[in-house]
Amino acid sequence: MSPSPAATAPLDVLRGALRDAAHAVGGDSQAGERATLERPKRDDFGDYATNVAMLLAPVVGGPPRDIAGKVGEELQTRLGPLLERVDVAGPGFLNLFLSDDWHAAALAHVLAAGDAFGGGEAPVAEKINVEFVSANPTGPLHVGHARNAAYGDALSRIFAFHGHEVTREYYVNDFGSQIARLAESVRARAKGEDVAEDGYQGDYVQAIADAIPDAATMDLDALGQRSVALMTERIRDSLHFFGVNFDVWFSERSLHEPKPALAGQDPVTHAFERLAELDQTYAHEDALWLRSSAHGDDKDRVLVRSTGDHTYFASDIAYMLDKRERGFDRLMYVLGADHHGYKARMAAAYESLGGDVASLDLLIMQFVHLVERGERSSMSKRSGEFVTLDDLVAEIGVDAARWFLLQRSHDTTIDLDLDLAREESSDNPVYYVQYAHARIASVLDKAGADRVAAALAAERAAVAMHPAEKALVKKLLMFPAEIAEAATRRAPHRVSSYALELAQTFTAFYRDCQVVGAEGDGVEDLRIALCVASQTTIATALRLLGVSTPDTM
RNA sequence: GCGCCCGUAGCUCAGUGGAUAGAGUGCUUGCCUCCGGAGCAAGAAGUCGCAGGUUCGAAUCCUGCCGGGCGCGCCA
């Protein structure tokens with residue numbers, strides 16, 4: 001074994017050899033760079049397979065299988081004993097069979113990286129603002145917000161792990177007519193009266209009224225602010241309990257107040273001036289319009305109504321400018337499904353402010369349906385009230401809630417099966433993954449801390465590896481690519497899929513390979529090392545999802 | 001009418017150009033002297049909505065259609 005086996009990532013060794021081999025056969029073509037290097041579905045197709053010969057065929061001419069043969073020879077020369085053999089298969093695939101040494105070096109690489117394994121690989125580190133949830137502080141968070149919260153938070157964790165700098169931000173809509181409506185609703189409750197038809201009807205309104213001693217008499221505007229503050233506190237607490245914490249709670253109201261940094265100007269006026277400088281607005285019929293149709297929107301949008309009132313969109317654009325002036329490389333908005341009609345105007349606003357839409361992400365979360373006893377309850381209880389985030393967490397717990405909300409792509413509607421999520425058994429994927437983690441803790445505990453430390457420090461003997469051991473090593477090696485994929489495609493569900501697969505692969509290894517007391521020179525060392533690497537990687541994946549990693553269950 | 005998302009196993013869903021399309025769940029059948037059985041194995045189960053096109057190769061890319069969800073205010 002070489003002195004520093006962990007220095008180069010094992011897949012990079014393969015990738016490099018593949019590139020060189022492709023150049024040797026195909027000259028300057030980019031085939032080596034574009035070639036796939038993937039785990040094939042069947043074991044007899046090798047540890048890894050590549051389509052490089054099919055890509056070279058049009059360049060060098062000749063049958064892909066002949067070209068594959070040449071590339072195979074080049075690969076064998078470059079990889080030497082790391083490559084056991086290479087087969088030409090099917091239309092011209094190359095199937096690579098890696099040696100035990102290569103697998104051992106790969107495991108050493110994973111262990112050396114520790115809990116940083118899979119992270120820090122972003123090619124360019126960006127400063128990213130992720131705005132999510134941003135529910136109106138006029139009522140408690142419901143299940144749709146829960147999905148938004150779980151998603152935005154997991155995405156933020158993945159970005160940070162991948163190497164970006166992330167700011168989590170919540171936009172508090174504490175301004176405008178809905179606040180007055182909330183104040184009136186609270187006042188009615190405080191007086192023991194019925195809430196108006198278009199007011200807020202929920203029980204939480206009474207709770208707010210009860211918490212404000214002079215709610216029946218105080219100034220309506222002050223009551224609105226007091227109510228919003230209480231509601232925002234409650235939302236903050238719910239999210240905190242759900243494992244979601246924001247760096248910035250941004251007040252919409254503050255956009256309409258003078259700001260010292262703007263020489264006493266308010267941000268909305270500041271934005272209007274900026275847009276005027278850029279010739280992005282015009283006056284028409286006593287209103288102020290944004291030329292949004294020049295940037296892909298269906299029509300121009302009003303910023304100031306003929307009545308002189310600002311539209312909600314005016315606040316949005318002022319807020320967007322504020323973010324831009326704070327120096328983010330990327331603005332990300334996690335929006336509810338009912339907001340997708342706003343995508344075009346938000347993108348137009350961004351361009352109007354001089355932004356490049358390539359650095360703007362508008363992500364639409366699809367709906368959540370709750371299913372119980374096979375019936376859709378479509379987010380609402382018998383009473384007509386929404387099922388809240390707090391209800392959901394009380395019902396199935398934080399871990400199951402986050403897992404079930406995160407295991408599917410954000411752009412598909414999900415049916416959340418409460419009965420399954422409540423199940424504390426192997427039927428429930430989140431328990432299955434946590435169980436693997438706890439089981440490893442138990443095995444390592446049985447081996448003893450000293451034994452584990454010795455195993456990790458040991459010179460790795462030349463052990464003939466079991467297929468289940470090799471499969472586990474290769475599954476571990478997939479993690480960095482999964483993280484990169486999850487980050488670039490804004491897809492936290494890739495991480496939960498991977499966590500489940502890794503837990504399954506570990507469990508197969510555990511079934512086939514006795515760890516503690518394993519016979520043979522260096523075998524127990526190897527298996528303990530595999531346990532440690534697996535536990536660390538499972539823990540990292542669960543941490544990115546915001547799911548706990550219990551040592552005992 | 002226009003726009004966005006979705007259509008893959010009974011159900012819930014992975015799979016954004018590769019070989020015989022996968023997982024969970026449900027169903028059938030096995031497995032507990034054994035490091036955690038909260039587990040494991042095997043089996044049955046699919047016209048990848050339909051029809052064209054692009055190419056060595058399409059669930060994946062393009063076009064049209066069908067079906068479902070959502071959205072289209074000088075509301076917030």
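Order of the sequence lines sets the chain letters (A, B, ...), proteins ahead of strands, with each chain counted from 1.
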- Message: salt bridge (charged side-chain N to carboxylate O under 4.0 Å, His left out), that's the test. Do A:Asp198 and A:Arg181 meet it? Break it down for me.
- Response: CA-CA 8 Å; A:Asp198 62 346; A:Arg181 202 153 69 221; 5.1 Å; no
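- The residue A:Thr507 sits close only to the backbone: its heavy atoms come under 4.0 Å of sugar-phosphate atoms, none of a base.
- Listed in residue order, the members of residues 513-534 of chain A having a heavy atom less than 4.0 Å from RNA chain B are A:Cys513, A:Gln514, A:Val515, A:Val516.
- Contact annotation: A:Lys41 side-chain N/O to B:U20 OP1/OP2 distance is not under 4.0 Å.
- Between the side chains of A:His437 and A:Ser534, no donor-acceptor pair is found at a separation under 3.5 Å.
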Could you write out each protein N or O paired with an N or O of nucleotides 41-46 of chain B at a distance under 3.5 Å?
from: B:A41; atom 1: OP1; to: A:Arg511; atom 2: NH1; distance (Å): 3.1

- Task: For nucleotides 67-76 of chain B, just jot down a letter per nucleotide in 5' to 3' order: B, S or -, based on protein non-hydrogen atoms under 4.0 Å.
- Result: ---BS-SBBB
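- Between the side chains of A:Asp266 and A:Thr269, at least one donor N or O sits under 3.5 Å from an acceptor N or O.
- Ring geometry for A:His310 versus A:Phe272: interplanar angle over 60°, hence perpendicular rather than tilted (30 to 60°).
- Between the side chains of A:Asp411 and A:Ser409, at least one donor N or O sits under 3.5 Å from an acceptor N or O.
- Because its glycosidic torsion is more than 90° from 0, B:C65 is reported here as anti.
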- Message: For Watson-Crick and G-U wobble pairs within 3.5 Å on both distances, what is RNA chain B written in dot-bracket notation, | included for inter-strand pairing?
- Response: (((((((..((((....[...)))).(((((.......))))).....(((((..]....))))))))))))....
Kindly list each side-chain donor-acceptor pair under 3.5 angstrom involving residues 478-487 of chain A, sequence neighbours excluded, with atom names and distances?
from: A:Glu482; atom 1: OE1; to: A:Arg494; atom 2: NE; distance (Å): 3.4
from: A:Glu485; atom 1: OE2; to: A:Arg489; atom 2: NH1; distance (Å): 2.9

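- Listed by chain and number, the residues in a side-chain contact (heavy atoms from CB on, under 4.5 Å) with A:Asp221 are A:Asp219, A:Arg253 (sequence neighbours excluded).
- The aromatic ring of A:Phe93 does not sit over the base of B:G18, since the test of centres under 5.5 Å and planes under 30° is not met.
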